[in-house]
There are 2 protein chains.
Amino acid sequence: MINLKYQSYVGGQWTTPGGKPFSSVNPRTREIVATYASCGKAEAERALSMAHRAYQRYRALDKDAIAKFLGAIADEIEALGDQLLDTADRETGLGIPRLTGERARTCGQLRAFAQLVSEGQWVQASIDTAQPDRKPLRRPDIRRMLRPIGPVVVFGASNFPFAFGAVGGDTASALAAGNPVVVKGHSFHPATSEMFCHAVAKAAESCGLPEGIFSLLLGDDHALGASLVTHPHTQAVGFTGSLRGGRILMDLAANRPSPIPVFTEMGSINPVFICEDALKTKAETIAAGLSASVCMGTGQFCTSPGIVVIRENPEFEKVLAGMFAEKPRGVMLHARIASGFAEAVSETMKHGDVKWLNRVEVTASDDKMTPPNILLKTSAAAFLADPKLSEEMFGPAILMVACRDAAQMREVANHLSGNLTATLHATEADSEAGELLEILEQKVGRVVFNGYPTGVEVVPSQQHGGPYPATSVASSTSVGADAINRFSRFVAYQDAPNGLLPEALKNENPYGIYRRVNGKLTRDPL
Amino acid sequence: MINLKYQSYVGGQWTTPGGKPFSSVNPRTREIVATYASCGKAEAERALSMAHRAYQRYRALDKDAIAKFLGAIADEIEALGDQLLDTADRETGLGIPRLTGERARTCGQLRAFAQLVSEGQWVQASIDTAQPDRKPLRRPDIRRMLRPIGPVVVFGASNFPFAFGAVGGDTASALAAGNPVVVKGHSFHPATSEMFCHAVAKAAESCGLPEGIFSLLLGDDHALGASLVTHPHTQAVGFTGSLRGGRILMDLAANRPSPIPVFTEMGSINPVFICEDALKTKAETIAAGLSASVCMGTGQFCTSPGIVVIRENPEFEKVLAGMFAEKPRGVMLHARIASGFAEAVSETMKHGDVKWLNRVEVTASDDKMTPPNILLKTSAAAFLADPKLSEEMFGPAILMVACRDAAQMREVANHLSGNLTATLHATEADSEAGELLEILEQKVGRVVFNGYPTGVEVVPSQQHGGPYPATSVASSTSVGADAINRFSRFVAYQDAPNGLLPEALKNENPYGIYRRVNGKLTRDPL
């Protein structure tokens, strides 16, 4: 049992900062769960100075010491037991089953990165040996590997308080690469973040790691985020959240005297395209799967489908509207998200060519916190003409875009901005699928066939990313082993004495890892 | 023999744009070599629209078709014969031997990328097969590989008219990844760029590639660069040049409605540290190597050493000054670079604590185009106090930073910004080398031991990059096979029908490449 301190953890010390207080609220009951004071510039300064200092020791650690730390964090998270689940449930309303699953995933991520680091392979060690007799000049010995970069600032997400929260995938991958982490915990669930912080602090202590290796700064103040991103010691930023918030951080980072990379995962409308024969032969199945995907987690997944593109089909509309009506209402994470959703839906509905297919009476007593599941419809012509109809409605809503024919469906596909995913429902008879795929694969990080985008499988081949505005760096992924690459960079060593080389590059290959030696993969020593 | 057209090549057509004329000048004689009209917004628009259209065909090409194209470009460049060397020599004054070597490197790069593409391995294909019986949910089949991104804009460098010019490493790697390229040719050598463009145009024609796959826009107008970087079809930018120019492009790209990655290689002072025993035992050798490295190519290499950090040592100063005096003067590339160098040196010399160790009388008849080789000296205290002393002097000059002791040398190392390289001279007796290395490897892309940073070996382990301001993306390299990764991004396919998958991901593994299948590297079909 943890006694919550209702404090931030700044460079190894629990701290009550001087900023304005803010509280988390139980979305089901509206009761205040926990109150914290906001951190500000002073805490950012201290956290990053300590992180920079800690980095000088952390970067020199043996790989197994880092792996042990990550494993210890996972153990300590599990040791928090039901208290973690209860605290998170009270702050987010996500429910114990979902949070239990997310905890397993979060600890799984930490252990997967521990294993990755322990195996040592991820550094992509490469060696080209010297050629002393090459003419006209001797060829030098050059060896290269991925190294850490320094303090990383992570912004926890509201919708995944564990898997993308204070000690989620960004923190795990940044620590795994050898970097200290300063987390700006999400203001919707500060007590949950504090619990994770206790787990990391215990793990760091038991592993004898320096103070400053991890800080948790809580606050409900945009100035705190700006202080963290613009601090000279910050070397990279990870963020999961809204397009607006992410773009602000991108701009702050780009305008620094010394710009740094920002890995944001932002808005995505995850279009679902249904081809002609699929719609004809599998309408019921698709309607069932699609409505479940849209309403899952009250529509608050980054991969929640936001538009469905089909040929005009009154029958399918009726079936889908029926299924939307049957789905129980869920509870939104927070009043701000609930208002944002209500506003986005009402903006969309202002359009003259948008209809609400499963309209329910909204009464004065109706609660924005438990909105109806909404199925809207518009024409392809209207969608193509008004960029507002392409904006994300973060919550349980989808916009059906009705097309004349395959050509207009392709036009809609071409019109799309960057997205995390696109989905194609097609049978073997749907020859139009190939042409759609050629367009969609240019727009997204992942194309899903005959399935639904929610549910991001954690496997090495996963790509959770996509062109802007889905993310800020389309070439990166925030899920899977390669997420570690975001927080590292290559360093080459030319003619370095063996004793001064990092272990992974030493002649004797002490880690026994595969290395590319003169172009060939081998585990042999030199 | 090519009949020069003195035109730009825009979307498959030789064009005389309406912009203001500019001329290249022979740096040795000051004679005008060639005159061109500047391209502007209209040409940028046309080139990028055509590139976008060409991309839809080019991205679908078989890998061997792309490899053939790259090889054909190399062949056509060689077919330009002495005319290319003569033209470039007249526009740059770099001399036939250097240009001959650079041509070999340029064609070598193209053929190396052709081989890389032909082997097919670079796409990092990864497959995680479905687990139909997994509980609670079936695991889907997910496959991932690198795909092209779309039109890439390349800014040719002034100092490497071949290897980083119109058809240098950036163009070669962008084309190899499957992207059309629009080049802004450097205004100091437009005729040289035009010759390369003839080679690409011929190769594209012989390979039956669409118009717009390559454009060369010539101009001496910053608005042209801005039009190219801000065009909505542009997906990435490659640039080699000054910090000022590079930062302008970075800012333009970051402030687009849809930001894009910009890979700039910019300023670097490539510090050289000489440890105590090395200075004692190898002073003559180091002085000879260092003076040669500083004066090579009239100091106009991106890896030219700009500061040397040592313990105060009057003897070494004398030896080094003598060697600087003996080196013949070279000719600068262009009057603008010559003035820039003169200004940078005179700015540095204004500092009260900077001495010119090999001072020569500068007479009124002296030509800025053939400046003396300059050895300056300052104290570590002055260097640490004045950030201006850390600025690059692009030309044959080096600033010696004299330190009290090892601690002060470390202080200087800690004070440095990002650089492409750092060099350490140390013998086995120099125990201080390890501590210096720990600092320097955090600052640079490549650490050189007991050598000189000029001469960038083209091997897979090479890292030509470094933290800002050396480059804009520290994790990338502009030399070596991995340069192709800059212009590609991962796309994942979930449960895609085999027939719709890209070749590299198909069950039968038609390319016979190594793929990571369920975590293991294999060339087997599924």
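Chain letters run A, B, ... following the sequence lines, proteins first, then strands; residues in each count from 1.
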Item to check | Approximate separation, where rounding is to 0.5 Å, of A:Ser461 OG and B:Ile127 CD1 | outcome: 7.0 Å
Checklist entry - So do B:Arg144 and A:Thr477 actually touch side chain to side chain, heavy atoms under 4.5 Å? => result yes
Next on the checklist: Let's test your reading of the structure: which of B:Glu428, B:Glu457, B:Arg516, B:Arg486 forms the most heavy-atom pairs below 4.5 Å with chain A?
Outcome noted: B:Glu457
Item to check | Structural part of A:Pro148 lying under 4.5 Å from a heavy atom of chain B | outcome: neither
Next on the checklist: At a 4.5 Å cut-off on heavy atoms, which part of B:Pro460 comes close to chain A: side chain, backbone, both, or neither?
Outcome noted: both
Checklist outcome for this item: Of B:Arg143, B:Gln462, B:Glu441, the largest count of non-hydrogen pairs under 4.5 angstrom with chain A goes to B:Glu441
Item to check | Full working for side chain to side chain contact (heavy atoms under 4.5 Å, CB included) between A:Asp482 and B:Phe490 | outcome: CA-CA 11 Å; A:Asp482 283 359; B:Phe490 283 110; 4.2 Å; yes
Checklist entry - Hey, what do you get for CD (A:Gln494) to OG1 (B:Thr421), rounding to the nearest 0.5 Å? => result 9.0 Å
Checklist entry - Based on non-hydrogen pairs under 4.5 Å, which of B:Gly451, B:Pro140, B:Ala125 is most in contact with chain A? => result B:Pro140
Item to check | Greater than 12 external heavy atoms within 6.0 Å of B:Gln115's CD | outcome: no
Checklist outcome for this item: The interface call for A:Tyr55 against chain B, heavy-atom contacts under 4.5 Å, is side chain
Item to check | Heavy-atom pairs under 4.5 Å with chain A, option from B:Leu521, B:Val448, B:Asn450 with the top count | outcome: B:Val448
Checklist entry - For B:Ala492 and A:Gln463, which heavy atoms make the closest approach, and how far apart are they? => result CB-CB, 3.7 Å
Checklist entry - If you tally heavy-atom pairs under 4.5 Å against chain A, which of B:Met145, B:Gln124, B:Arg59 wins? => result B:Arg59
Next on the checklist: A side-chain contact here means heavy atoms from C-beta on lying under 4.5 Å apart; do B:Leu437 and A:Tyr493 qualify?
Outcome noted: yes
Checklist entry - Considering all heavy atoms of both residues, which atom of B:Arg139 and which atom of A:Val459 are nearest to each other, and what is their separation? => result NH1-CG1, 3.6 Å
Checklist entry - If you take all heavy atoms of B:Ala254 and A:Asp251, which pair is closest and at what distance? => result O-OD1, 4.0 Å
Checklist entry - Side chain, backbone, both or neither: which part of A:Arg515 has a heavy atom under 4.5 Å from chain B? => result neither
Checklist outcome for this item: Okay, A:Leu146 and chain B: the region with an atom under 4.5 Å from a heavy atom over there is neither
Next on the checklist: Rounded to the nearest 0.5 Å, what separates atom CD in A:Gln442 from atom CZ in B:Arg147?
Outcome noted: 8.5 Å
Checklist entry - Of all heavy-atom pairs between B:Met250 and A:Pro259, which one has the smallest distance, and what is that distance? => result CE-CG, 3.6 Å
Next on the checklist: For A:Pro257, is there any backbone N or O sitting under 3.5 Å from a side-chain donor or acceptor partner on B:Arg247?
Outcome noted: yes
Checklist entry - Which members of residues 464-474 of chain A, sorted by number, sit under 4.5 angstrom from chain B on a heavy-atom basis? => result A:Pro467, A:Tyr468, A:Ala474
Item to check | Close side-chain approach of A:Asn485 and B:Ser475, heavy atoms under 4.5 Å | outcome: no
Checklist entry - Do A:Leu424 and B:Leu500 have side-chain heavy atoms sitting under 4.5 Å apart? => result no
Next on the checklist: Looking at chain B, which one of A:Gly150, A:Gly434, A:Gly519, A:Ala496 has the largest number of heavy-atom pairs inside 4.5 Å, strictly under?
Outcome noted: A:Ala496
Checklist entry - chain A: which of B:Gly499, B:Pro497, B:Ala433 shares the most heavy-atom pairs with it under 4.5 Å? => result B:Pro497
Next on the checklist: Restricting to non-hydrogen atoms, name the atom on B:Asp495 and the atom on A:Phe449 that form the minimum distance, rounded to 0.1 Å.
Outcome noted: O-CB, 3.2 Å
